[in-house]
Visitor: 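My questions all concern the structure below.
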Amino acid sequence: MSAGPVTAVGVFDSGVGGLSVWRALRAALPGAHLSYLADNAWAPYGERPAEALRGRVAALVRDWRAHESLDLLVLACNTATAVAIDALRQEHPDLPIVGIEPALRPALAATRSGRVGVVATRATLNSARYQALRSACLADAAGRPSVHERAADGLADAIERGDETLARALCHRHLRALLDDAPAIDTLVLGCTHYPLVGEAWLAASEGPIALIDPAEAVARRARHLLPGAEPGKGEARPSPTWRCTGHPEALRRATRQWLDLPAEVRSPQS
């Protein structure tokens, strides 16, 4: 008996940060073909104007669908989700699109001190989508918790370049600044998909117990809910992933080895 069609899931990020979400999707959807597209020619997204990013993401997704059939699109980038997901859903009503956003709600539920820290890019923190999320979560939260944000400038770029030494230094700088502002923070929201890749650096910088909140698992659960049939048949091998990027391929090849311990053949978006 021949196997049915393989479910295709597109995973989009500005660069290598989406690998943290790719890892969770791989575990949740073992029968799906994961097609990863990194816009590393424009990375990092966090300090670019929202309108330019919205047009850029729209054009890339449009071109992607012209060359490849997708059953689901995951925006594995907080900034892309914040500035572009609403327009993408309007343009592609036939395509389920799962975004990612800072996990404020679970963080507010988990904190014991009532003090939550958020590290994210400037574009995410300044977006109307994040501000609305923040207001809604605080309005619904029990007690009187507070949320303290820090734009982690330079960190996504350091991770993108594979510079772990600089990434550790930046985690320390940004988290210490947050804790100087609110020493009682006991829960830290990682509001950029790059940041979980250096989770140990955040823990080392905290100098005390702190819970890291990474939304990748929630994104994977949502994708699995939308694609309940994405399971491999008995004896079938997992579909091989596809890797594409808009910039130099070596950055993504290096990142899959560094963060996933996985070799990757990286191509241009149209190939």
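The model shown is predicted, which means the values in this text are computed figures rather than measured ones.
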Visitor: With a 4.5 Å limit on heavy-atom distance, are the side chains of Trp42 and Ser14 in contact?
Guide: no
Visitor: Consider only side-chain N and O atoms of Thr7 and Asp71, and report whether a donor and an acceptor are under 3.5 Å apart.
Guide: no
Visitor: If hydrophobic clusters are built from ILVMFWY residues whose side chains come within less than 4.5 Å, do Leu70 and Leu72 share one?
Guide: no
Visitor: With a 4.5 Å cut-off on side-chain heavy atoms, are Asp39 and Cys245 touching?
Guide: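 Of all side-chain heavy-atom pairs linking Asp39 with Cys245, none is under 4.5 Å.
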Visitor: Can a donor-acceptor pair be found, under 3.5 Å and without considering hydrogens, that links the side chain of Ser113 to the backbone of Ala184?
Guide: yes
Visitor: Check for a donor-acceptor pair, side chain of Thr79 on one end and backbone N or O of Ala123 on the other, with a separation under 3.5 Å.
Guide: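 Absent.
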Visitor: Return the CG to CD distance between Asp63 and Glu68, rounded to the nearest 0.5 Å.
Guide: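 Here the interatomic distance stands at 11.0 Å.
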Visitor: May I ask you to say whether Glu200 pairs ionically with Arg168, meaning some side-chain N is under 4.0 Å from a carboxylate O?
Guide: no
Visitor: Donor-acceptor check, side chain of His92 to backbone of Asp94, threshold 3.5 angstrom: yes or no?
Guide: no
Visitor: Could you tell me if Arg267 sits above the aromatic ring of Trp243, with its cationic atom closer than 6.0 Å to the ring centre and no more than 45 degrees from the axis?
Guide: no
Visitor: Ignoring hydrogens and angles, tell me if any N or O in the side chain of Asn40 forms a donor-acceptor pair with the backbone of Ala43 under 3.5 Å.
Guide: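 No, because the side chain of Asn40 does not come within donor-acceptor range (under 3.5 Å) of the backbone of Ala43.
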Visitor: Do the charged groups of Asp181 and Arg150 touch, with an N to O distance under 4.0 Å?
Guide: no
Visitor: Show, in sequence, the C-alpha distance, side-chain angles and deciding distance for Leu125 and Thr121, and conclude whether the side chain to side chain contact (heavy atoms under 4.5 Å, CB included) test is met.
Guide: CA-CA 6 Å; Leu125 295 177; Thr121 67; over 6 Å; no
Visitor: Looking at Arg122 and Asp153, is there a salt bridge between them, counting it only when a charged N and a carboxylate O are closer than 4.0 Å?
Guide: yes
Visitor: Would you say the side-chain atoms of Arg176 pair up with the backbone N or O of Ala205, donor to acceptor, closer than 3.5 Å?
Guide: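 Flag set: sc Arg176 to bb Ala205 pair under 3.5 Å.
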Visitor: Donor-acceptor pair, Asp186 side chain versus Arg112 backbone, under 3.5 Å?
Guide: yes
Visitor: May I ask you to decide if Ala132's main-chain N or O and Ser135's side chain share a donor-acceptor pair within less than 3.5 Å?
Guide: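 Not confirmed, Ser135 side chain does not pair with Ala132 backbone.
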Visitor: If hydrophobic clusters are built by linking Ile, Leu, Val, Met, Phe, Trp and Tyr wherever their side-chain heavy atoms come under 4.5 Å apart, do Val21 and Leu88 end up in the same one?
Guide: no
Visitor: Within the structure provided, determine whether Ile210 and Thr187 are in side-chain contact (heavy-atom separation under 4.5 Å).
Guide: no
Visitor: Are Phe12 and Leu53 co-members of a hydrophobic cluster defined by side-chain heavy atoms under 4.5 Å apart?
Guide: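 They do share one cluster, since a chain of ILVMFWY contacts under 4.5 Å joins Leu53 to Phe12.
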Visitor: Counting only N and O atoms by type, is there a donor-acceptor contact under 3.5 Å from the side chain of Thr81 to the main-chain atoms of Cys77?
Guide: yes
Visitor: Please report the shortest heavy-atom distance between Ile185 and Gly117, naming the atom on each side.
Guide: CG2-N, 3.7 Å
Visitor: Roughly how far, to the nearest 0.5 Å, is the CG atom of Asn126 from the CD atom of Glu149?
Guide: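 Spacing of CD (Glu149) from CG (Asn126) equals 10.0 Å.
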Visitor: Between CG of Leu262 and CZ of Arg257, what distance do you get to the nearest 0.5 Å?
Guide: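 Nearest 0.5 Å value for the CG-CZ distance: 10.5 Å.
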Visitor: Determine, step by step, whether Val189 and Val116 satisfy the side chain to side chain contact (heavy atoms under 4.5 Å, CB included) criterion, reporting the C-alpha distance in whole Å, the side-chain angles of both residues, the deciding distance to 0.1 Å, and the verdict.
Guide: CA-CA 7 Å; Val189 176; Val116 169; 3.9 Å; yes
Visitor: Could you give the distance from CD1 (Ile97) to CG (Leu95), rounded to the nearest 0.5 Å?
Guide: 5.0 Å
Visitor: Do you reckon Tyr130 sits in the same ILVMFWY cluster as Ile100, going by side-chain contacts under 4.5 Å, direct or chained?
Guide: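 No, Tyr130 does not connect to Ile100 through the hydrophobic network.
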Visitor: Indicate yes or no: at least one non-hydrogen side-chain atom of Val11 is less than 4.5 angstrom from one of Leu19.
Guide: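 They are not in side-chain contact.
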Visitor: Please confirm whether the backbone N or O of Leu108 pairs with a side-chain atom of Thr111, one donor and one acceptor, at under 3.5 Å?
Guide: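 Judged by distance alone, no pair lies under 3.5 Å.
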Visitor: Please examine the side chains of Arg129 and Asp86, heavy atoms only from C-beta on, and report whether any two atoms are closer than 4.5 Å.
Guide: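 The answer is yes, as the side chains (C-beta and beyond) meet within the 4.5 Å cut-off.
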Visitor: Val266 and Trp64: same hydrophobic cluster, using ILVMFWY side-chain contacts below 4.5 Å?
Guide: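 Per the 4.5 Å side-chain linkage, Val266 and Trp64 are not co-clustered.
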Visitor: Could you tell me if the side chain of Val118 sits less than 4.5 Å from the side chain of His148, heavy atoms only?
Guide: no
Visitor: Please report the closest heavy-atom contact between Ser146 and Arg115, naming both atoms and the distance.
Guide: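 Between these two residues, the closest heavy atoms are OG-CD, 2.8 Å.
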Visitor: So Leu155 and Asp157, do their side chains get closer than 4.5 Å, heavy atoms only?
Guide: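 No, too far: nothing below the 4.5 Å cut-off.
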Visitor: When you look at Trp22 and Leu260, which way does the side chain to side chain contact (heavy atoms under 4.5 Å, CB included) test go after all the steps?
Guide: CA-CA 9 Å; Trp22 186 97; Leu260 301 177; 3.7 Å; yes
Visitor: Checking side chain to side chain contact (heavy atoms under 4.5 Å, CB included) for the pair Leu175/Leu188: CA distance, chi angles, key distance, verdict?
Guide: CA-CA 9 Å; Leu175 184 53; Leu188 183 68; 4.0 Å; yes
Visitor: So, do Pro241 and Tyr36 sit near enough that their side-chain heavy atoms are less than 4.5 Å apart?
Guide: no
Visitor: Just verifying a value: how many Å separate His194 NE2 and Asp13 CG, rounded to the nearest 0.5 Å?
Guide: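 CG of Asp13 is found 5.5 Å from NE2 of His194.
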Visitor: Heavy atoms only: give me the nearest Arg26-Pro239 pair and the separation to one decimal.
Guide: NH1-O, 3.2 Å
Visitor: What I want to find out is whether Glu160 reaches Arg254 closely enough, with some N-O distance under 4.0 Å, to be called a salt bridge.
Guide: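 No, this pair does not count.
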Visitor: Verify the neighbour count for atom CD of Glu207: are there more than 12 heavy atoms of other residues, nucleotides or ligands below 6.0 Å?
Guide: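 For Glu207, atom CD is crowded (more than 12 foreign heavy atoms under 6.0 Å).
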Visitor: Could you check whether atom CG of Asp261 has more than 12 heavy atoms from other residues, nucleotides or ligands sitting under 6.0 Å from it?
Guide: no
Visitor: Nearest heavy-atom pair of Thr246 and Ala41: which atoms, and what distance?
Guide: OG1-N, 3.0 Å
Visitor: Write down the atom of Arg89, the atom of Gly99, and the distance for their closest heavy-atom approach.
Guide: NH2-N, 4.3 Å
Visitor: Any chance you could measure Arg23, atom CZ, to Leu25, atom CG, to the nearest 0.5 Å?
Guide: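 One gets 11.5 Å once the value is rounded to the nearest 0.5 Å.
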Visitor: With sequence neighbours left out, which residue pairs that include part of residues 195-214 fulfil the ring pair (Phe, Tyr, Trp, His ring centres under 6.0 Å) condition?
Guide: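 Only Tyr195-Trp202 qualify under ring pair (Phe, Tyr, Trp, His ring centres under 6.0 Å).
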Visitor: For a quick test of reading the model, state the closest non-hydrogen atom pair linking Leu190 to Pro215 and the distance between them.
Guide: O-CD, 4.0 Å
Visitor: Hey, is the main chain of Val147 close enough, under 3.5 Å, to the side chain of Arg134 for a donor-acceptor pair?
Guide: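 Yes; at least one donor-acceptor contact below 3.5 Å.
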Visitor: When you check the side-chain N and O atoms of Thr193 and Ser20, is any donor under 3.5 Å from an acceptor?
Guide: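 Their side chains do not contain a donor-acceptor pair, so the 3.5 Å distance test is not met.
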Visitor: With sequence neighbours excluded, tell me which residues meet salt bridge (charged side-chain N to carboxylate O under 4.0 Å, His left out) with Glu91.
Guide: Arg62
